[in-house]
Amino acid sequence: MAKVKTIYICQSCGGVSPKWQGQCPSCQAWNSLEEGRPEAATNSRFQGLAQAVPRQKLSSISAEDLPRLSTGLEEFDRVLGGGLVPGGVVLLGGDPGIGKSTLLLQALAQMSASGVNVLYSSGEESAAQIALRARRISLSAPHMEVLAEIQLEKLLSIMDVVRPQVLVVDSIQTLYSEEFTSAPGSVAQVRECAAQLTRHAKSLGICVLMVGHVTKDGHLAGPRVLEHIVDTVLYFEGDTHSSFRLVRAIKNRFGAVNELGVFAMTEKGLRGVSNPSAIFLSQHATMVPGSCVLVTQEGNRPLLVEVQALVDTAHIPNPRRLAVGLEQNRLAMLLAVLHRHAGIACFDQDVFLNAVGGVKISEPAADLAVLLAIQSSIRNRALPKELVVFGEVGLAGEIRPCPRGQERLKEAAKLGFTIAIIPKANLPKVKIPSLRVIPVERIDEAIEAVNEIN
Ligand code: TYD
Ligand code: MG
């Protein structure tokens, strides 16, 4: 009997190596090679290319504005850039149990109720389990169809016959194609299933919403190419201990990225939070040392988020630097800036940092809030309750401007904040009557300003 050859496939780029190595020779990722079987080449692999349309002049192509199909959930429409686009493929990733299936079930039920032909295909739950969930959250969708199917070819032929306008595939990792010998969820399967599903959806003009699992480090399982195949990539974020859930657009061919949809998980499913700016503030009666409120801009919408810092004497030679919801490497850099440009040293202190409510902040506009929270914790003096800040801090200790300063200030004023420390370049042209704005150019100036108003 011929020996079955094994190869090693990189789980992050799909690269192939004949022997196991610690590092992928193609993308240099560590520990990403896994054993697999070589796949026989199939004839249908390049079918999509064979049908390519002949060349056309860009100016001669009629391009109308794409009609959007509302999902019936306002916050979901917002992250999608206004709704679903016919033939558009959306990938929704997130931790287990965060609410992916619930969100899609609710969206489909809403669409079905407004007369859209929808189909929910699940490989994770049986039809009875889906029905049970729908009943529990009191969805009324008498015409909605569900299906428990994990075989790609069958699903494709069902798409041909049923021609739904919107199809949910929960999840892409459970789907498998008979043309491949590897197990469902493997790189080859996920990549091919996603590619064929996308091609088919585009040729029939069906909107497809796929659920994708994430790995331990929070990336979508399967190769990164999955993100290239689809039109829109959405991530579910949030702390499973809090009821708030955020859906963020990471990539969107039909809308703005970093747009954010905010939901609350209730016993009746997910509910959109239309005015979310204040949900990431912890509700202290008085302010405590180490807390600073930041105005961050998510997509089109400013959000107020409380940043908390705790600085404590280190009892080990290497003090700890821990950031939850903010960037750890940036924290190390900011501490160096604080030492060199404001004379506040933390080399013998543990520094812990947290963004309240499980929100993830990646924009550098959070820098100033981080440093003010840290210095407040070191001095053990609370910042004023009415204070908000934003601003990027550079390595030279300068405070750099952030985009959309005026909108951030307006939102802060609306929520009753009365003092703002902001980059000088963001000084508003039109004064906001209820808000005292303190412009600063350097980090030491900002710390001085805080001491003055305290
Ligand atoms: P689910 O949509 O199954 O998560 P995923 O598909 O992302 O794995 O969400 C399940 C979680 O949501 C589960 O822990 C229970 C909770 N939940 C509620 O709190 N209220 C509800 O009405 C529903 C349906 C689920
Ligand atoms: Mg699920």
Side-chain angles (χ1 to χ4, degrees), residues 78 256 258-260 262 273-289 291-308 334 337-338 341-342 355-357 359 361-376 379 381-394 396-454:
R78 174 195 289 277
N258 260 341
E259 197 55 90
L260 202 67
V262 184
V273 179
S274 52
N275 184 16
S277 40
I279 61 174
F280 300 111
L281 303 178
S282 63
Q283 316 289 337
H284 311 294
T286 54
M287 279 300 265
V288 289
S291 264
C292 185
V293 178
L294 148 84
V295 199
T296 175
Q297 181 88 31
E298 292 294 348
N300 280 326
R301 197 148 68 160
L303 275 184
L304 281 100
V305 178
E306 185 173 327
V307 175
Q308 296 185 326
L334 289 173
V337 173
L338 191 66
H341 297 287
V356 169
V359 63
I361 306 170
S362 52
E363 64 159 6
D367 293 352
L368 189 56
V370 168
L371 288 184
L372 292 183
I374 290 173
Q375 71 86 35
S376 154
R379 291 166 55 234
R381 272 176 69 179
L383 297 172
K385 205 169 181 246
E386 312 75 34
L387 174 73
V388 289
V389 306
F390 61 86
E392 178 180 348
V393 177
E398 81 280 19
I399 312 285
R400 295 212 203 109
C402 307
R404 303 188 184 220
Q406 180 87 19
E407 281 165 46
R408 295 182 202 237
L409 289 175
K410 258 193 218 149
E411 187 69 27
K414 208 167 83 189
L415 286 164
F417 289 86
T418 54
I419 314 171
I421 298 183
I422 63 163
K424 192 162 188 187
N426 276 126
L427 203 59
K429 290 185 192 76
V430 194
K431 268 188 85 174
I432 300 171
S434 63
L435 197 66
R436 178 180 155 211
V437 176
I438 306 174
V440 288
E441 279 187 300
R442 305 198 49 80
I443 181 65
D444 43 341
E445 242 180 89
I447 291 175
E448 234 169 77
V450 166
N451 290 344
E452 260 168 45
I453 49 179
N454 235 356

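The structure displayed is predicted, hence computed values, not measured ones.
Here the closest non-hydrogen pair linking V430 and Q406 is O-NE2, 3.7 Å. Heavy atoms only, all atoms of each residue included: C292 and A369 are closest at CB-O, 3.6 Å.
Applying side-chain contact (heavy atoms from CB on, under 4.5 Å) to F390 and the options I421, L368, L409 leaves one that passes, L409.
To the nearest 0.5 Å, atom CD1 of residue I447 and atom CG of residue L372 are 6.5 Å apart. Once rounded to the nearest 0.5 Å, the distance linking NZ of K385 with CD1 of I419 reads 12.5 Å. Between the CD atom in E363 and the CG atom in L294 there is a gap of 7.0 Å [rounded to 0.5 Å]. The structure places NZ of K410 at 7.0 Å from CD1 of I432, a figure rounded to the nearest 0.5 Å. With rounding to the nearest 0.5 Å, the separation of CD in E411 from CZ in R301 is 9.5 Å.
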Kindly indicate, with the supporting measurements, whether the criterion side chain to side chain contact (heavy atoms under 4.5 Å, CB included) is fulfilled by K424 and I399.
CA-CA 8 Å; K424 192 162 188 187; I399 312 285; over 6 Å; no
Intermediate values then yes/no, side chain to side chain donor-acceptor pair (under 3.5 Å), R379 and N451
CA-CA 10 Å; R379 291 166 55 234; N451 290 344; 2.8 Å; yes
Please lay out, stage by stage, how H341 and V393 fare under the test side chain to side chain contact (heavy atoms under 4.5 Å, CB included).
CA-CA 11 Å; H341 297 287; V393 177; over 6 Å; no
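The backbone N or O of L334 lies less than 3.5 Å from no partner atom in the side chain of D367, so there is not a single donor-acceptor pair. When atom types are taken as modelled, the side chain of E386 and the backbone of P384 share no donor-acceptor pair closer than 3.5 angstrom. R408 places a side-chain N or O within 3.5 Å of a backbone atom of P403 that can act as its donor or acceptor partner.
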